[in-house]
**Q** 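Following this message is one structure expressed as structure tokens.
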Amino acid sequence: MSERVNVKKKSPAPDADKVSAAKADAALPALGAKEMLRFAWTQLTSMRTALFLLLLLAVAAVPGSLFPQRPANPSVVTQYIKDHPDYGKLLDSLQLYDVYSSVWFSAIYLLLFISLIGCVVPRAIAHYKAMRSQPPRTPKRLSRLPEYGTLVIPADAGIPASDAIHGAAGLLRKRGYRVEVRDADGARPSLGAERGLSKEVGNLIFHTSLIGVLVSVALGGLFGYSGQRILVEGDTFVNTLVGYDQFTPGTNFQSSQLQPYSVQLDKFDITFDRESQGKFGQPIDFSAAVTTKENPDAPAKKETLKVNDPITLGGTSIYLTGNGYAPVVTIRDGDGNVAMQGPVVAKLQGDNYYSSVVIKVPDAKPDQLGFQGFFLPTAFVTEQGVSFSGDPALFNPQLSLNSYYGDLGLDTGSPQNVFEIDVKDLTPLNARNLDAGGITLSPGATYTLPDGKGSISFDGVKRYVGVDIHHNPGQLYALIFALLAVAGLILSLYVNRRRAWVRTGTHDDGRTMVEYGLLARGEDHRLAGEAAAIRTLLAQEWGLAADPQQDGDRQEDSTQSQQTPSSLGDNGAGTPTPASPAGPEKDQ
């Protein structure tokens with residue numbers, strides 16, 4: 001026989017039914033275009049978004065160091081695309097060869113700029129209001145603050161509560177607090193004090209300086225330019241577009257920005273190490289003597305250009321970046337006419353200034369001539385007949401060349417590298433593997449080319465320098481804002497925002513009871529030291545003992561935390577006394 005048990009179910013409360021029904025019927029309001037824009041603006045101007053965009057900008061700049069950039073060297077980009085036909089054009093369509101001017105990089109840059117402005121402006125307004133407002137009101141129970149202490153001024157000191165609060169206010173002002181005294185003529189006067197507002201000022205300076213750095217970098221990218229030029233001893237560079245070997249303009253560059261100054265390389269000196277064993281022959285000092293003119297009518301000025309010691313002309317900085325040798329040659333064509341005469345820049349290739357040489361003579365008649373080989377400042381020959389440079393100085397200069405004739409391909413207008421020559425479509429005249437052999441020349445020697453194609457003379461050697469010319473109108477501002485950002489960061493890290501309150505009252509027996517408390521905004525491990533310093537100043541002001549162990553500074557148990565200053569003995573050392581007739585503490 002089974003037993004049936006009836007369980008009475010509890011019916012839900014009426015209020016619970018109403019809440020459930022309300023939740024079921026509730027519907028989120030639809031967001032319109034205005035609300036969506038407000039939400040997007042809030043997300044964009046949050047500090048989290050600004051930090052994310054800053055990190056994203058750093059990541060977006062990485063491809064600029066992985067792939068060749070078209071503004072720096074267009075020919076390298078063209079060759080890179082030819083060498084990688086499978087993905088070269090895809091990278092080009094993604095603007096990975098123009099990273100810093102690409103649409104996606106500019107978008108990140110612009111969003112970061114807007115985000116920082118949206119972060120800084122509201123914070124600046126809020127901080128301005130905070131600086132103009134009064135310190136926070138005095139808490140009802142100071143004993144609940146992280147740092148709390150009491151002092152008792154004896155009755156025979158003759159310092160009433162009002163005088164004590166004004167004395168405490170003066171001391172706190174001297175420590176850099178801004179102070180407001182409340183109810184100075186009442187029974188329980190108090191004061192509120194605050195310092196460390198410069199911490200937020202440091203934060204604002206830091207973020208504003210980041211905006212300044214972004215603007216400065218953008219200014220340099222828009223209106224700056226850079227270029228390179230090789231100067232052989234005796235050559236003059238004039239700051240015009242045609243005067244550059246390579247020129248990279250800014251986005252909004254105008255040729256009117258170029259100041260018409262000139263630089264002439266008079267002499268270039270190199271000092272080689274002749275003492276140490278491991279680095280014998282290594283260059284240790286470079287010095288270029290130049291003559292500069294600010295404009296065509298300005299007087300000439302003698303200056304010295306050195307590595308890491310640029311000269312400044314027309315708002316540009318000129319840096320010494322490279323050097324080498326330039327053999328001076330004279331080339332006559334098959335008709336006996338001088339087709340080319342002057343120095344030829346030799347490109348450094350190895351130790352001891354071993355350099356490659358390429359000479360193109362498109363004006364030679366009846367056929368164009370080309371030469372390819374190397375230059376040795378101090379030539380040595382091994383037993384196998386291999387030439388090499390044994391020293392970087394000009395002790396035994398030698399020019400070794402192969403010669404060619406035919407169409408150099410310069411008449412088509414296609415750009416070519418001056419340090420390279422394509423010999424596939426040329427006919428060789430001189431080479432080691434030919435009966436005529438190669439061309440080996442010492443200074444003053446002349447070689448007659450086979451088949452009546454002309455001759456080449458080695459007249460001497462000059463030095464050359466490579467210079468980088470930079471004009472960046474935002475460079476100085478970027479430096480200033482970067483220094484301000486560091487200063488603001490230091491200020492925000494080492495300044496602590498603190499608040500202090502002091503309350504006084506008079507006991508029945510005439511003693512003046514003082515309590516104080518301190519609170520930090522955020523973590524502040526130096527708050528206890530600040531409390532001890534304030535206590536010491538107050539004790540010295542009133543001639544009291546400053547030992548914090550004598551005052552019952554921090555009341556840990558709940559009973560003591562409810563005591564008022566008037567319920568403690570002199571400086572906490574005596575026995576408890578009846579409460580002050582001033583009545584219970586009131587929230588001010």
Side-chain angles (χ1 to χ4, degrees), residues 61 64-65 69-74 100-101 209 212-271 283-324 345 348 463-486:
S65 60
Q69 296 300 295
R70 187 171 281 110
N73 201 329
Y100 306 110
S101 59
S209 298
V213 170
L214 292 177
V215 173
S216 301
V217 172
L219 185 65
L222 290 174
F223 302 102
Y225 61 86
S226 63
Q228 292 78 39
R229 173 63 190 266
I230 292 177
L231 283 174
V232 181
E233 289 176 329
D235 284 356
T236 299
F237 164 71
V238 179
N239 190 33
T240 59
L241 287 178
V242 296
Y244 287 89
D245 294 330
Q246 184 173 337
F247 187 78
T248 305
T251 306
N252 288 357
F253 168 79
Q254 302 292 329
S255 59
S256 58
Q257 293 178 238
L258 297 175
Q259 300 297 320
Y261 63 81
S262 63
V263 180
Q264 176 180 313
L265 177 62
D266 300 324
K267 188 177 181 181
F268 181 68
D269 294 318
I270 307 178
T271 302
I284 57 177
D285 187 40
F286 307 91
S287 178
V290 297
T291 300
T292 62
K293 297 179 70 174
E294 288 282 353
N295 55 69
D297 299 327
K301 181 179 179 182
K302 298 291 185 180
E303 297 190 67
T304 301
L305 179 61
K306 288 192 160 190
V307 178
N308 297 326
D309 187 13
I311 59 176
T312 302
L313 286 170
T316 65
S317 297
I318 303 174
Y319 298 86
L320 178 62
T321 58
N323 67 91
V345 173
L348 293 178
R463 297 184 185 273
Y464 73 84
V465 298
V467 294
D468 273 3
I469 302 161
H470 292 275
H471 174 67
N472 187 346
Q475 184 175 10
L476 177 61
Y477 300 107
L479 175 62
I480 293 174
F481 283 119
L483 294 177
L484 285 176
V486 174

**Q** For Ser317, run the side chain to side chain contact (heavy atoms under 4.5 Å, CB included) check against Ile469, Ile311, Thr312 and tell me which one passes.
**A**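 Exactly one option meets the side chain to side chain contact (heavy atoms under 4.5 Å, CB included) with Ser317, and it is Thr312.
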**Q** Return the CG to CZ distance between Leu222 and Phe253, rounded to the nearest 0.5 Å.
**A**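 Rounded to the nearest 0.5 Å, the CG-CZ separation comes out at 13.5 Å.
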**Q** Kindly compute the distance separating CD (Glu303) from CD (Gln264), expressed to the nearest 0.5 Å.
**A**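 Between Glu303 CD and Gln264 CD, I get 13.0 Å after rounding to 0.5 Å.
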**Q** Quick check: closest heavy atoms across Gly220 and Asn472, and the distance to 0.1 Å?
**A**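 Where Gly220 meets Asn472 most closely, the heavy atoms are CA-OD1, 3.0 Å.
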**Q** From Ile284 CD1 over to Thr271 OG1, what is the distance, rounded to the nearest 0.5 angstrom?
**A**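 Interatomic distance, Ile284 CD1 to Thr271 OG1, rounded to 0.5 Å: 6.0 Å.
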**Q** Is the Tyr225 ring parallel, tilted or perpendicular to the Tyr244 ring (thresholds 30°, 60°)?
**A**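 Rings of Tyr225 and Tyr244: perpendicular, as their planes differ by over 60°.
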**Q** Apply the side chain to side chain contact (heavy atoms under 4.5 Å, CB included) test between Val290 and each candidate in Leu265, Leu231, Leu320; give the one that qualifies.
**A**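 For Val290, the side chain to side chain contact (heavy atoms under 4.5 Å, CB included) test succeeds with only one of Leu265, Leu231, Leu320, which is Leu265.
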**Q** Spell out, as yes or no, whether a donor-acceptor pair under 3.5 Å connects the side chain of Asn239 to the backbone of Tyr261.
**A**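 Judged by distance alone, no pair lies under 3.5 Å.
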**Q** Please check if the side chain of Thr321 supplies one atom and the backbone of Gly466 the other of a donor-acceptor pair under 3.5 Å.
**A**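 Judged by distance alone, yes, a pair lies under 3.5 Å.
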**Q** Would you say that Val238 contacts Ser262 through its side chain, given a criterion of any heavy-atom pair below 4.5 Å between the two side chains?
**A**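 Of all side-chain heavy-atom pairs linking Ser262 with Val238, at least one is under 4.5 Å.
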**Q** Going from CG on Leu476 to CG on Leu219, what distance comes out if it is rounded to the nearest 0.5 angstrom?
**A**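 Taking CG in Leu476 and CG in Leu219, the distance rounds to 11.0 Å.
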**Q** If the condition is ring pair (Phe, Tyr, Trp, His ring centres under 6.0 Å), which residues does Tyr464 pass it with, not counting sequence neighbours?
**A**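 Per chain and number, Tyr464 pairs via ring pair (Phe, Tyr, Trp, His ring centres under 6.0 Å) with no residue.
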**Q** For the pair Arg229 (side chain) and Gly243 (backbone), establish whether a donor and an acceptor sit closer than 3.5 Å, ignoring hydrogens and angles.
**A**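 Such a contact is found between Arg229 side chain and Gly243 backbone.
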**Q** Of the non-hydrogen atoms in Ser216 and Tyr477, which two are nearest, and what is the gap between them?
**A**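 Of all heavy-atom pairs spanning Ser216 and Tyr477, the closest is OG-CB, 3.3 Å.
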**Q** Can you name the side-chain hydrogen bond (donor to acceptor under 3.5 Å, both in side chains) partners of Arg70, sequence neighbours left out?
**A**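 Arg70: side-chain hydrogen bond (donor to acceptor under 3.5 Å, both in side chains) contacts with Asp92, Asp98.
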**Q** Between Ser101 and Thr251, does a side chain to side chain contact (heavy atoms under 4.5 Å, CB included) hold up when you go through it step by step?
**A** CA-CA 9 Å; Ser101 59; Thr251 306; 5.6 Å; no
**Q** State, yes or no, whether a side-chain contact exists between His471 and Leu258 at a heavy-atom distance under 4.5 Å.
**A**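 A side-chain contact is absent here, since even the closest heavy-atom pair is not under 4.5 Å.
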**Q** Would you say Phe247 has more than 12 foreign heavy atoms packed within less than 6.0 Å of its CZ?
**A**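 Yes.
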**Q** Do any N or O atoms from the side chain of Gln257 and from the backbone of Phe223 form a donor-acceptor pair under 3.5 angstrom?
**A**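 Yes: the side chain of Gln257 pairs with the backbone of Phe223.
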**Q** Does any part of the side chain of Val467, heavy atoms only, come nearer than 4.5 Å to the side chain of Leu305, both counted from C-beta?
**A**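 Of all side-chain heavy-atom pairs linking Val467 with Leu305, at least one is under 4.5 Å.
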**Q** Could you pull out the closest heavy-atom pair between Ser209 and Leu484, with the gap in Å?
**A**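 Taking every non-hydrogen atom into account, OG-CB, 3.2 Å.
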**Q** State the CG-OG1 distance between Asp468 and Thr316, to the nearest 0.5 angstrom.
**A**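 It is 11.5 Å, given to the nearest 0.5 Å.
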**Q** Got a donor-acceptor contact below 3.5 angstrom from the Glu233 side chain to the Phe268 backbone?
**A**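 Yes; at least one donor-acceptor contact below 3.5 Å.
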**Q** Quick check for you: to the nearest 0.5 Å, what is the distance between Asp269 atom CG and Lys306 atom NZ?
**A**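 With rounding to 0.5 Å, CG (Asp269) is 10.0 Å from NZ (Lys306).
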**Q** Tell me if a side-chain donor or acceptor on Asp245 pairs with a main-chain N or O of Ile230 at a distance below 3.5 Å.
**A**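 Yes; judged by distance alone, with no hydrogens or angles, the pair exists.
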